[in-house]
Amino acid sequence: MIRWAMLILGIETSCDETSMSVLSTEGSLPVLWRGSASGGKGQKIKILSSVISSQIKIHAKYGGVYPALAAREHAKNIDKVLKLTLREAGLKSVSEVDLIDVTKGPGLAVALIVGITFAKTLAWKYKKPIVGINHLEGHIYSNWLPVSKKSSDLASLSNQIFPALNLIVSGGHTELVLMPDHGKYKLIGETVDDAAGEAFDKIARILGMGYPGGPFVSAEAERFSEKDGFLGLSLPRPMLSSKNFNFSFSGLKTAVLYMTRDLVNSLWPLEGIRSEIAHEAQQAIVNVLVSKTLLAAKQYKVKSVLLSGGVSANTLLRETLEKEISKIKGIKFFKPLMTYTTDNAAM
Ligand code: KG4
Ligand code: ZN
């Protein structure tokens with residue numbers, strides 16, 4: 001069996017984070033490569049550095065990511081991020097890495113192109129091989145990343161994981177992806193309109209809160225206590241009983257818009273109703289995500305459920321999935337590490 005060790009420089013600019021990371025990997029070929037079912041025994045992965053330069057503050061005033069601005073910021077920061085990433089990894093130059101990886105999509109075209117051009121230039125200058133990485137596959141694989149600088153054994157859990165069901169929930173995607181093995185994917189359901197993260201962002205905007213909306217909505221929802229007296233508001237659970245694994249969140253956002261408008265028109269102060277609406281909206285999104293995931297997990301008889309993407313930081317979603325999956329015999333839920341829920345290059 002071929003043993004190998006290598007240093008990988010990862011570059012990610014798909015949205016509003018300029019991120020780079022150096023990983024050291026060693027083990028037997030080739031667990032992460034598409035189509036490899038076996039191999040990977042004893043494969044180790046270590047994060048030598050992970051730098052994320054976030055543009056959130058710049059986009060917050062627009063209530064969403066402004067693509068041209070994102071591209072400009074990536075171009076402005078990318079050199080600095082590379083320097084920091086190499087220094088944190090204890091490297092002097094890109095010449096010391098063996099491979100360059102870059103997010104090739106999906107994402108904002110004008111933002112992606114900055115990272116791709118930068119990566120190609122480095123690959124040409126230092127004569128290194130370059131690989132394009134699918135951003136969603138990256139999110140999935142964030143589940144295999146070790147905590148900080150410890151190394152993790154990638155393959156040790158494989159027989160408890162596959163076949164796995166991935167729930168990928170981000171600002172741009174909501175997908176249920178069946179994964180029979182490393183590098184093998186089958187899309188079984190997705191959103192027909194807004195993504196779950198997008199719904200959180202739009203609902204936050206309707207309720208007069210900041211961007212990105214997810215953390216604001218969930219913090220506001222936590223403030224809601226039924227004991228304080230409540231209006232008994234109820235929002236729809238879109239597609240909950242549809243016979244497929246697709247999602248739809250655009251109607252929920254519209255329902256929040258009308259509900260808020262009607263209450264404010266009947267002289268309820270926004271501050272007085274915000275936490276109850278946030279609570280009910282979060283409950284609706286989580287209900288639909290969890291119900292469909294459980295249904296798919298049982299139907300496809302998977303061994304595990306993996307959660308990834310920005311919305312995987314949501315506490316209610318994490319805890320509900322954990323609780324509900326623990327009731328099903330033979331299915332494990334791997335709770336994602338909070339370090340890698342947002343966009344990052346290590347994944
Ligand atoms: O994966 P990600 O960082 O970027 C994309 O690839 O889209 O996901 C960003 C999304 C945003 O819509 C944000 O509101 C959402 O993740 N998000 C959350 C939470 N933290 C981030 N949604 C719900 N609850 C959270 N705690
Ligand atoms: Zn993402």
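Just follow the structure's listing: the first ligand is 1, and inside any ligand the first atom is 1.
Checked by distance only, ligand 1 and P212 stay at 3.5 Å or farther apart across all their nitrogen or oxygen atoms. Ligand 1 has an N or O atom lying under 3.5 Å from an N or O atom of D201, backbone or side chain. When only interatomic distances are considered, the shortest N/O to N/O separation between T341 and ligand 1 does not fall below 3.5 Å.
The ligand atoms of ligand 1 that sit less than 4.0 angstrom from a heavy atom of G213 are 14 (O). Contact atoms of ligand 1 toward H139: 1 (O), 6 (O) (distance under 4.0 Å to a heavy atom of the residue). Residue G172 approaches ligand 1 through these ligand atoms, each under 4.0 Å from one of its heavy atoms: 7 (O).
Around the Zn ion (ligand 2), the angle linking H135 (NE2) with H139 (NE2) is 90°, rounded to 10 degrees.
Counting just the N/O/S atoms of D343, the one with the shortest distance to the Zn ion (ligand 2) is named OD1.
Side-chain contact annotation: D343 with H135, donor-acceptor N/O pair under 3.5 Å present. A donor-acceptor contact closer than 3.5 angstrom links the side chains of D193 and S248.
Between H182 and F162, the distance separating the two ring centers is shorter than 6.0 angstrom.
Protein heavy atom in closest approach to atom 24 (N) of ligand 1: N314 ND2, 3.0 Å. In terms of protein heavy atoms, atom 19 (C) of ligand 1 is closest to P215 CD, 3.7 Å. Among all non-hydrogen protein atoms, the one lying nearest atom 4 (O) of ligand 1 is D343 OD2, 3.2 Å. In this structure, atom 7 (O) of ligand 1 lies nearest to the protein heavy atom G171 N, 2.8 Å. The protein heavy-atom contact nearest to atom 15 (C) of ligand 1 is V311 CG2, 3.9 Å.
Of the heavy atoms in H135, only side-chain atoms (C-beta onward) come closer than 4.0 Å to ligand 1.
Across the listed options G214, S218, G310, G310 owns the non-hydrogen atom lying nearest to atom 21 (C) of ligand 1.
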Which is it for S312 and K335 under the side chain to side chain donor-acceptor pair (under 3.5 Å) test, yes or no, and what are the steps along the way? CA-CA 9 Å; S312 69; K335 221 177 185 173; over 6 Å; no
